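Heads up: the structure comes next, in structure tokens.
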Amino acid sequence: MRQRMPVRTHRMPGWEKALRYVLMLAVLAVAVGPFLWQLSTSLKGTTEDIYTSPPRFLPAHPTLHNYAEVADVIPVWDYALNSLKVAAASVLTNLVGASMAGYALARLRFRGRGVAGLAFVMALLVPVESVVIAQFTMVRGLHLNNTLTAVVLPGSVGALNVLLMRNAFAALPYETEEAAVIDGANVWQRFVRIALPSVRGTLAVVAIFAFMGAWDDFLWPLVVLSDPDRFTLTVGLNFLHGTFQQNPRLVAAGTVIAVAPLLAMFACLQRYFFRGVGEGAVKG
């Protein structure tokens with residue numbers, strides 16, 4: 001019988017392993033630490049000093065009173081509902097628009113395809129602040145200012161999402177669609193029945209990016225909205241800074257309220273998200 005050669009494994013030195021763990025803990029502290037501190041501050045009562053030295057991370061007597069007080073100061077749930085409407089519409093428009101544009105750039109042959117792809121790349125290089133005035137002028141010309149539709153419109157199809165979908169579709173083997181062409185499938189049928197089910201992971205990535213972008217946006221809703229009843233959550237929470245400058249507990253509670261939906265959405269789609277990150281990395 002043929003003997004198998006022993007496989008030599010490189011054992012990592014102890015100091016190198018310890019250094020890696022220290023670096024990972026440092027990155028984790030920088031990335032997650034501020035949110036955990038805000039969460040801790042939001043659970044501390046008015047009798048507990050949040051400026052102690054050394055800082056005390058765990059609250060002595062946790063309470064949810066700060067969250068109830070935020071709802072008493074501002075209509076936080078109405079603002080959250082407005083943000084949810086904007087985010088849901090942004091997710092829908094990006095999934096539809098970005099997938100169709102990405103499929104056209106990856107699969108269809110038409111004059112100017114390279115220029116169109118370059119235009120989406122160039123759009124990523126334009127700072128949002130430099131086009132706010134032009135966007136506001138366009139929205140006002142359409143008589144949509146001070147509406148949630150105006151908040152959704154500029155980010156309805158993101159350039160980054162289009163490029164993500166384009167790369168995902170380009171990585172699919174052509175043989176699958178060639179077989180569908182032989183069976184008589186048209187472009188729309190190939191797109192809906194073959195291409196879209198094959199890039200579910202990238203669709204999840206686009207949905208998360210669109211939701212986060214719409215939910216966290218502050219500058220554009222602040223510019224285009226003037227009616228407090230239509231404020232999104234990020235704009236509405238800004239009133240906590242002006243009204244309660246000496247009570248950071250309410251600001252922390254409002255921050256946690258704003259971040260919670262993002263964490264919930266990522267927790268639901270994380271399996272598809274990590275699979276979608278790899279789609280389009282290597283062309284099949």
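The shown structure was predicted, so the numbers you read here are calculated from the model rather than taken from an experiment.
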Any side-chain heavy atom of [X] within less than 4.5 Å of one from [Y]?
X	Y	result
L225	V235	no
R166	Y103	no
T234	D217	no
L203	L95	yes
T63	L43	no
F169	L196	yes
L219	E129	yes
L164	F209	yes

To the closest 0.5 Å, what do you measure between [atom1] ([X]) and [atom2] ([Y])?
X	Y	atom1	atom2	result
R56	I50	CZ	CD1	12.5 Å
Q38	T255	CD	OG1	4.5 Å
I257	L233	CD1	CG	7.5 Å
L222	F218	CG	CZ	4.5 Å
Q135	L153	CD	CG	8.5 Å
N167	M165	CG	CE	10.0 Å

Is it true that atom [atom1] of [X] has more than 12 heavy atoms of other residues, nucleotides or ligands lying nearer than 6.0 Å?
X	atom1	result
R113	CZ	yes
M24	CE	yes
M100	CE	no
I133	CD1	no
Y21	OH	no

Provide the closest heavy-atom pair for [X] versus [Y] in the form atom of the first, atom of the second, distance.
X	Y	result
V199	A168	CG1-CB, 3.7 Å
G117	L163	O-CD2, 4.4 Å
A106	A170	CB-N, 3.7 Å
V76	A71	CG1-CA, 3.7 Å
S90	A210	OG-O, 3.7 Å
L144	A150	O-CB, 3.1 Å

Does [X] reach the main-chain N or O of [Y] with its side chain, forming a donor-acceptor pair under 3.5 Å?
X	Y	answer
E48	A60	yes
S198	I194	yes
N66	L250	no
T93	S156	yes
D227	R230	no
N82	F231	yes

Are N94 and N161 close enough that a side-chain donor and a side-chain acceptor fall under 3.5 Å? yes

Side-chain donor-acceptor pair present, Y79, T232, cut-off under 3.5 Å: no

Under 4.5 Å between side-chain heavy atoms, hopping through other hydrophobics if needed: is there a path connecting [X] to [Y]?
X	Y	answer
V96	V205	yes
V139	V131	no
W188	L108	yes
F211	L81	no
V115	L124	no

Check whether NZ of the Lys or CZ of the Arg R249 lies under 6.0 Å from the centre of the six-membered ring of Y67 and within 45 degrees of that ring's axis. no

Lys/Arg cation over aromatic W215: K85, 6.0 Å, 45° cone: no

Passes side chain to side chain contact (heavy atoms under 4.5 Å, CB included), V187 versus R107? Steps please. CA-CA 9 Å; V187 175; R107 290 304 204 211; over 6 Å; no

Is the W220 ring parallel, tilted or perpendicular to the F136 ring (thresholds 30°, 60°)? perpendicular

Indicate the ring-plane relationship of F57 and W37, choosing parallel, tilted or perpendicular according to the 30° and 60° boundaries. tilted

